[in-house]
Protein chains: 2
Amino acid sequence: MATRTRRSQRRTEALSRERIVEAAVELLDTAGESGLTFRALTERLATGPGAIYWHVANKDELLAAATDAVVAAAVAVRAPAAEALPSSAPEEPEPPASPQDGIRTVALGLFDAVDRHPWLATQLATQLARSPWGTVTPRIFESVGQRVRALDVPESSWFTVTSALVHYVLGAAGQNAVNSASARALPPGVDRTRFLDTVSTAWEELDPDEYPFTRAVADQVRGHDDREQFLAGIDLVLAGITATQHRESRTAQE
Amino acid sequence: MATRTRRSQRRTEALSRERIVEAAVELLDTAGESGLTFRALTERLATGPGAIYWHVANKDELLAAATDAVVAAAVAVRAPAAEALPSSAPEEPEPPASPQDGIRTVALGLFDAVDRHPWLATQLATQLARSPWGTVTPRIFESVGQRVRALDVPESSWFTVTSALVHYVLGAAGQNAVNSASARALPPGVDRTRFLDTVSTAWEELDPDEYPFTRAVADQVRGHDDREQFLAGIDLVLAGITATQHRESRTAQE
DNA sequence: ACCTGAACACCGTTCAAGT
DNA sequence: ACCTGAACACCGTTCAAGT
């Protein structure tokens, strides 16, 4: 009864794992987590479930592959100047970004990816929980870690410091998917300002005895910018790294 | 054909939302996320699906309630001394914990909760993503925020600083569910040491060109303690808060 | 080697009917 | 008001069969 979807013609391109993952990402983006079903996928790819199972072991593996593909694209960041104006003065020496800026860029890359693909927040948690030896964790870890090494953190702290940064980024990005996803779910026309207003008001109406702090802070929710706040958190961790180093070198000198 | 489960006798206690949520948490703990089904739940509660739907709107609400219950318990931390030796010297004045220690305690409370309930990592991401105006976010936020206020952070920074801490905690706790859950999934007898060994080895075998940092750090994975590393991250953020304040007051004095 | 599509077991949810 | 349990629509996955 539902109107026949316009994609029923025989597919021309051969099926491949790549095409399947690509279709999965599209489906997740447009229809959300619950929108990714093998039935929707077979229709979109004009094939049967068996064909998909030939290329992919099961749904978990498909979700992992989709997550990995998006993360890989997100963390493969170059210096922003390089792509901003591709044809202008290619011989101009790239401004050597500080390691701190590099970390901010990588972090923002992931942050924005979660913003564009809200399902990524949950999947990141799920995939990371499933296998730290998978491809997703090392990818993120490596990208942040290389910049941490460029700070003058002693080698013995590399693992701890990088972990702290990665944890913050994942936590903050996950939490932010909230806002973008929820805001999107609201009736169109209700924009971000109205959305923050809703949250702020809800917080203001909490029980004064149980939630004094949250109530006190409700107003600050209203005007805040997610990216700005995200970066402020990064800077807090970076400041902590610097401060800890200084404390250590001071102690070492005595 | 399956052996009749021992719980088929008529239930004595009346059904209630509370009992349902309690059973859901048990099911999640023992059988994992995929183990929580309405069928398993009806069997355990010796009832039919309709009875459950009388108390709970749907599975999403049930998961939200389960998450909220566990988070509420985790975040309601008292000074550790109070419960350690309940009957010894009750009039002894409690050592006034510093706000920093308070933050560490709350954070560890959540960290350990995720450790005991690995499904919490995913659910935290999901629930937070679904509704920041729900009960889960304010609960965590409030508990951390009250301690942030006790540090001498200027009021204008309350929201940002508390958010940063909460994001770190959620990210780190989520990532850690990894380890406990994965370690649990391994054949019994393979303990944590062996598990870390596996991860470490996997990281050592990554492509040297693409993953130089992760490889360099692989060895540090082997001996590390999750809780210690988690706290080190908290301390990094706390150090960042202090450093930022000093910088600000220094600037203000000029 | 790659794909088809009917079939299977299982899941969340509904609802007419009971007490 | 609270509970029962058959029924429904939908899902992931399998597999004998085709090319």
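Proteins come first, then strands; the chains are lettered A, B, ... in the order of their sequence lines, and each starts at number 1.
Taking 4.5 Å as the limit, some side-chain heavy atom of Ile140(A) sits within range of a side-chain heavy atom of Leu170(A).
Atom CD of Glu43(B) is separated from atom P of dG5(D) by 14 Å (rounded to the nearest Å). The CG-C1' distance, from Leu41(B) to dC11(C), rounds to 13 Å in whole Å. Between the CD1 atom of Ile52(B) and the C1' atom of dA1(D) there is a distance of 18 Å, given to the nearest Å. Distance OH (Tyr53(A)) to P (dG5(C)): 17 Å, rounded to an integer number of Å. Taking atom CZ on Phe38(B) and atom C1' on dA6(D), their separation rounds to 17 Å, with Å as the unit. If you take NZ of Lys59(A) and P of dG12(D), they are 4 Å apart, rounded to a whole angstrom. If you take CG of Leu15(B) and P of dC2(D), they are 11 Å apart, rounded to a whole angstrom. Rounding to whole angstrom units, CG of residue Leu45(B) and P of dC2(D) are separated by 16 Å.
The pair Glu22(A)-Arg44(A) does not count as a salt bridge, with every side-chain nitrogen at least 4.0 angstrom from each carboxylate oxygen. Between Asp219(A) and Arg222(A) there is a salt bridge, since a side-chain N of the basic residue sits under 4.0 Å from a carboxylate O of the acidic one. Looking at Asp112(B) and Arg227(B), a side-chain N of the basic residue comes within less than 4.0 Å of a carboxylate O on the acidic one, giving a salt bridge. Ion pairing between Arg116(A) and Asp29(A) fails under the 4.0 Å rule for side-chain N and carboxylate O.
Neither OP1 nor OP2 of dA1(D) sits under 4.0 Å from any side-chain N or O of His55(B). Taking 4.0 angstrom as the limit, Trp54(A) places none of its side-chain polar atoms (N or O) nearer than this to OP1 or OP2 of dC3(C).
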For residues 205-216 of chain A, which side-chain donor-acceptor pairs fall under 3.5 Å, sequence neighbours excluded?
{"from": "Asp207(A)", "atom 1": "OD1", "to": "Asp209(A)", "atom 2": "N", "distance (Å)": "2.9"}
{"from": "Thr214(A)", "atom 1": "OG1", "to": "Glu142(B)", "atom 2": "OE1", "distance (Å)": "2.6"}
{"from": "Arg215(A)", "atom 1": "NH1", "to": "Glu204(A)", "atom 2": "O", "distance (Å)": "2.8"}
{"from": "Arg215(A)", "atom 1": "NH1", "to": "Leu206(A)", "atom 2": "O", "distance (Å)": "2.9"}

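When ring centroids are compared, Tyr168(B) and Tyr168(A) stay outside the 6.0 Å threshold.
Of the two residues near DNA chain D, Arg39(B) and Ser16(B), the one whose nearest nucleotide lies more 5' is Ser16(B).
Counting any heavy atom pair closer than 4.0 Å across all strands shown, Leu62(A) reaches no nucleic acid atom.
The side chain of Pro49(A) lies closest to dT13(D), out of dC3(D), dT13(D), dG12(D).
For DNA chain D, if you chain together Watson-Crick or G-U pairs that step i with j, i+1 with j-1 and so on, the runs of at least three with distances under 3.5 Å are C:4-8 with D:12-16, C:12-16 with D:4-8.
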